[in-house]
Amino acid sequence: MYLITWGENGTFLNIMPSKTFQLIVFLIALLFCATPLSSPPIALAVGLAIALTVGHPFASQNHRATKILLQCSVVGLGFGIDLGKVLEAGKTGITFTIFSIAATLALGFIAGKFLKVDRRISHLISSGTAICGGSAIAAVGPVLDASEKEMSVALGTVFILNSVALFLFPVIGHYFNFTQQQFGLWAAIAIHDTSSVVGAAAKYGTGALQVAVPVKLARTLWIIPLTFATSVAFKKSSAKITIPYFVFLFLLASVVRTYVAPLAAASDILVTAAKTGLAVTLFLIGAGLSKSVLKSVGVRPLVLGVILWAAISVGAFLVVMKVG
């Protein structure tokens, strides 16, 4: 079930799994991640293992699949969150959000110049760190006329750091005895992608999840002003604005959960399905982090990403500790 490549003189060149074997292993791993035996960190780890061994049989469709599945999962989670908690969490995180976004973009500009990282790559990484990872990069990239290579470098950088955060943050939270609210707020501000924020918060607890999701989604809306600001800064007159409509569907789901009592039982089923969808999403994200993506990142962009991530993580950590 493996394809072995030999040179003309009979020397061994390479060994690769056959398409059938690759597909079987991928589907088995996918089904496992959709069971209660899995969790967001485990699903991501399984996906990474698939990416680095047998490979992803549907790599070209992976980005679109993860985007749609993540958005559906987030909307589904809205059926488990009371609207009052959504509004309270959004209000609590608004000050942190504004300050951290501005500070991250400014630090990214300065550090990018110091490290001699390409200006567009630097801005893409800064945008992804400041707001919501891959979604922000995907929105800002077309405004910058970013090349596929530049997009890959930025996405690879934030995906690597997202993977680390998903495993590391719950451990740190437990070590410092963070409350559910503290951890949810910290994760929503300091972790890039919505998928990893939700995954880390779900691992920490239901209370953390109920805080992290609305704060992160409120943060996601800042994609719109960021895109306008980018078009001005880079002198691009025709900016294509990407509006995260699924955030409004999340709010609608929360309204239904709060005010339509007869649907309470159905809401619980939808939340369970959403958590399963999240695990599958993280599996697909891990499976998409191929060797070629890892190689494309480079040292300087990765250092820039680490600096920004460390700054926003430590800053948010100190604020959350002080607020209590």
Side-chain angles (χ1 to χ4, degrees), residues 63 66-67 70-71 74 89-91 93-113 117-148 150-159 161-162 165 185 187-198 212-251 301 304-305 307-313 315-316:
H63 176 70
T66 54
K67 179 180 178 180
L70 173 61
Q71 292 178 353
V74 168
K91 183 180 178 181
I94 187 69
T95 303
F96 294 165
T97 296
I98 294 173
F99 176 78
S100 61
I101 289 175
T104 302
L105 292 173
L107 178 60
F109 177 77
I110 296 169
K113 279 189 170 296
V117 177
D118 177 85
R119 187 186 177 197
R120 283 186 291 196
I121 292 177
S122 176
H123 186 67
L124 287 171
I125 294 174
S126 300
S127 300
T129 304
I131 299 183
C132 56
S135 298
I137 291 172
V140 172
V143 177
L144 297 175
D145 292 328
S147 66
E148 185 177 344
E150 291 167 334
M151 293 287 286
S152 296
V153 169
L155 289 168
T157 300
V158 299
F159 284 162
L161 298 179
N162 271 324
L185 186 59
I189 293 174
I191 301 179
H192 310 74
D193 265 351
T194 302
S195 57
S196 292
V197 170
V198 177
V213 174
V215 172
K216 188 61 179 179
L217 294 185
R219 196 179 188 88
T220 300
L221 291 173
W222 284 83
I223 286 178
I224 300 170
L226 174 65
T227 307
F228 278 116
T230 298
S231 67
V232 173
F234 285 80
K235 299 178 180 179
K236 303 292 183 180
S237 58
S238 57
K240 181 181 178 181
I241 309 302
T242 302
I243 300 175
Y245 292 105
F246 75 97
V247 175
F248 302 106
L249 293 177
F250 167 84
L251 292 174
L304 173 62
I307 290 173
L308 295 178
W309 184 48
I312 195 171
S313 297

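Values reported hereafter were calculated over all heavy atoms of this structure, with side chains retained and with hydrogens, waters and symmetry mates removed. Source: prediction; values computed, not measured.
Listed for the D118 side chain is a donor-acceptor partner under 3.5 Å among the backbone atoms of R120. Here the side chain of T104 pairs no donor or acceptor atom with the backbone of I101 at under 3.5 angstrom. Using modelled atom types, no side-chain atom of K216 and backbone atom of D193 make a donor-acceptor pair closer than 3.5 Å. Side-chain atoms of S122 come within 3.5 Å of backbone atoms of G108 as a donor-acceptor pair (strictly under, hydrogens ignored).
Among all heavy-atom pairs drawn from P301 and T157, the shortest one is O-CG2, 3.8 Å. Scanning both residues, I189 and A316, for their nearest heavy atoms gives CG2-CB, 3.8 Å. The shortest non-hydrogen separation linking H192 to T129 is CD2-CA, 3.4 Å. The two residues A139 and I223 have their closest heavy-atom pair at CB-CG2, 3.5 Å. When all heavy atoms of L304 and A111 are compared, the closest pair comes out as CD1-CB, 3.6 Å. In plain terms, the two heavy atoms of I137 and M151 that are nearest each other are O-CE, 3.6 Å.
Remark: F159 CZ to S196 OG distance equals 9.0 Å, nearest 0.5 Å. Remark: I125 CD1 to L308 CG distance equals 7.5 Å, nearest 0.5 Å. Rounding to the nearest 0.5 Å places CG of L221 at 10.0 Å from CD1 of I131. We find the CD1-CH2 distance between I98 and W222 to be 4.0 Å, quoted to the nearest 0.5 Å. Atom CZ in F250 sits 11.0 Å away from atom OG1 in T194 (nearest 0.5 Å). One distance of note links CG of L144 with NE2 of H123; it measures 5.5 Å at 0.5 Å rounding.
Applying the side chain to side chain donor-acceptor pair (under 3.5 Å) test to S100 and every residue at least two apart in sequence or in another chain returns R219.
Counting heavy atoms from C-beta outward, W309 and V158 have side chains that stay 4.5 Å or more apart. The shortest distance between side-chain heavy atoms of S127 and L226 falls below 4.5 Å.
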